[in-house]
Asker: 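One structure, as structure tokens, below. Some questions next.
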Number of protein chains: 2
Amino acid sequence: MSDAEQTRQNILTVAADEIHQHGFKATSLSVILNRCEISKGALYYHFTSKIELGYAVFEEVYTPMFLNVWHTPLTVDDPIEGLCDFLTAMTEEMSCSEVVCGCPLNNLCEEMANVDEGFRLRILCMQEQLNQLIVDALERVSGDLRDNLAFSQVGYFIVATLNGATSLSKSSRNKLLFQQVIAELCLYIRALKK
Amino acid sequence: MSDAEQTRQNILTVAADEIHQHGFKATSLSVILNRCEISKGALYYHFTSKIELGYAVFEEVYTPMFLNVWHTPLTVDDPIEGLCDFLTAMTEEMSCSEVVCGCPLNNLCEEMANVDEGFRLRILCMQEQLNQLIVDALERVSGDLRDNLAFSQVGYFIVATLNGATSLSKSSRNKLLFQQVIAELCLYIRALKK
DNA sequence: ATAATAACCAACCGCTCGGTATGTTGCAAG
DNA sequence: CTTGCAACATACCGAGCGGTTGGTTATTAT
């Protein structure tokens, strides 16, 4: 990787972390510059504006991360158990910072979806991809599932509940409420089976 | 009501609307002053700081509003149906601004819970009160419900899913995803019955 | 009549923000 | 040897922010 590309990647990584911790608007470019030990000129050489940097973080850091994380548990033999194991593992492995900072995608959705169309469309696209992953997995084992299930609806329900659960962990500052909601979610997911 | 109290209430009402629309941090005091047609001195006579104004909005506007809204459907004869009717009516009556702006409590939780302890504790208290309302209602009709239900867990699950659903409506800018998640949530809630 | 207080107003302050304009350096092509 | 561009660095700008300061007015108590 060239020096320039290295610089760019470094900016993206640091910016992704800052946005995750403080949200997009509260993220200060000067903090990113300090952490990267570069000047403002360098940043504006690679990105035309703060919001374009935000878009790049979304597309080049968050999106691949999410698709990768969700792909694994949904492509195992039994995606119902895969999903439950995945969610349960999440409650256990969740770091303190993740309890406090929440999910990057959900955070950006809450903060930016209603003020910036660029973010909104990217978030929507990501949510649809995530939902499609779940729908595909459910359809693959539809023979084992209850009849009359609306797969897309189920998918969005799961994602919505997970987001709501991270929200609860933010205010309680511990995993307990999160774990309870996930436990109930797993009961719901397992009840999808015949 | 005295003139001073009238002024104070006016500030609270306008601030509640601004915070709902733009979040706490992005809410500008000068906008509130313009809308109220008062000076900055007037605002700082009634409130010692921006964050104290935020706390007052939470306690004197959002909290009573929430407790009132949730109390009705949970104290009818059949709280299961009351809840489902309440949620379904919400999807229908939801105004355009509510689709875009989301739930004030959830918004503040996402934005402020991890940066300000004062907000965090107030939000947590509110969520616990909300959960208690649900738990009380479920316990009241526990004879009609499945055995081995963890009422508190169920309560937080419902609240979490509702919050996640409003989040989805923000990015999609329509009610469809919200309605789907609520429909699935009602299926879950009705399945609590024996 | 006067003193005090409640309820405001107008002007200003320091600070941080995103963004820009200009200057510098190293390397590579001709 | 020098020209040119990529890849930065430095210094500065205007705007908006929350908050403070020093009045002003009207009402009330003495």
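Protein chains get the first letters and strands the later ones, always in sequence-line order, with residue 1 at the start of each.
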Asker: Specify the separation, in whole Å, of atom CG of B:Asn10 and atom P of C:dC8.
Answerer: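 Result: 11 Å.
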Asker: CD1 of B:Ile32 versus P of D:dG16: gap in Å, rounded?
Answerer: 17 Å
Asker: Which whole-number value in Å describes the distance from B:Leu43 CG to D:dC17 C1'?
Answerer: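 Distance, rounded to whole Å: 14 Å.
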Asker: Sort me out a list of protein N/O and nucleotides 7-11 of chain D N/O pairs below 3.5 Å, or just none if empty.
Answerer:
unit_1, atom_1, unit_2, atom_2, d
D:dA7, OP2, A:Tyr45, OH, 2.6
D:dC8, OP1, A:Thr7, OG1, 3.4
D:dC8, OP2, A:Thr7, OG1, 3.4
D:dC8, OP2, A:His46, NE2, 3.3
D:dA9, OP2, A:Ser39, N, 2.6
D:dA9, OP2, A:Ser39, OG, 2.7
D:dA9, O5', A:Ser39, OG, 3.3

Asker: Is it true that the side chains of B:Asn107 and B:Glu111 contain a donor and an acceptor less than 3.5 Å apart?
Answerer: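 Absent: no donor and acceptor within the cut-off.
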Asker: Output the rounded distance in Å from CD (A:Glu52) to P (C:dT20).
Answerer: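 One finds 13 Å between P of C:dT20 and CD of A:Glu52, rounded.
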Asker: CG of A:Leu33 versus C1' of C:dT16: gap in Å, rounded?
Answerer: 14 Å
Asker: Without decimals, in angstroms, what is the distance between B:Asn34 CG and C:dC9 P?
Answerer: 12 Å
Asker: With under 30° as parallel and over 60° as perpendicular, where do the rings of B:Phe157 and A:Tyr188 fit, or are they tilted in between?
Answerer: tilted
Asker: Salt-bridged, B:Lys193 to B:Asp78, with N to O below 4.0 Å?
Answerer: yes
Asker: Give a yes-or-no answer on whether the side chains of A:Gln180 and A:Glu184 include a donor-acceptor pair shorter than 3.5 Å.
Answerer: no
Asker: Rounding to an integer number of Å, can you tell me how far A:Lys50 NZ sits from C:dT16 C1'?
Answerer: 12 Å
Asker: Against A:Leu138, only a single residue in A:Val135, A:Asp136, A:Ile134 fulfils side-chain contact (heavy atoms from CB on, under 4.5 Å); can you say which?
Answerer: A:Ile134
Asker: Under 4.0 Å, counting only non-hydrogen atoms across every strand here, what does B:Thr27 touch: a base, just sugar-phosphate, or nothing?
Answerer: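 The answer is sugar-phosphate, as B:Thr27 gets under 4.0 Å only of primed atoms, P, OP1 or OP2.
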Asker: How close or far is atom P of C:dC12 from atom OH of B:Tyr44, stated in whole angstroms?
Answerer: 19 Å
Asker: Closer than 4.0 Å, any side-chain N/O of B:Ser30 to the OP1 or OP2 of D:dC17?
Answerer: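 Yes.
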Asker: Is there a side-chain contact between B:Tyr62 and B:Leu108, using heavy atoms and a 4.5 Å cut-off?
Answerer: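 Heavy-atom side-chain distance check passes, below 4.5 Å.
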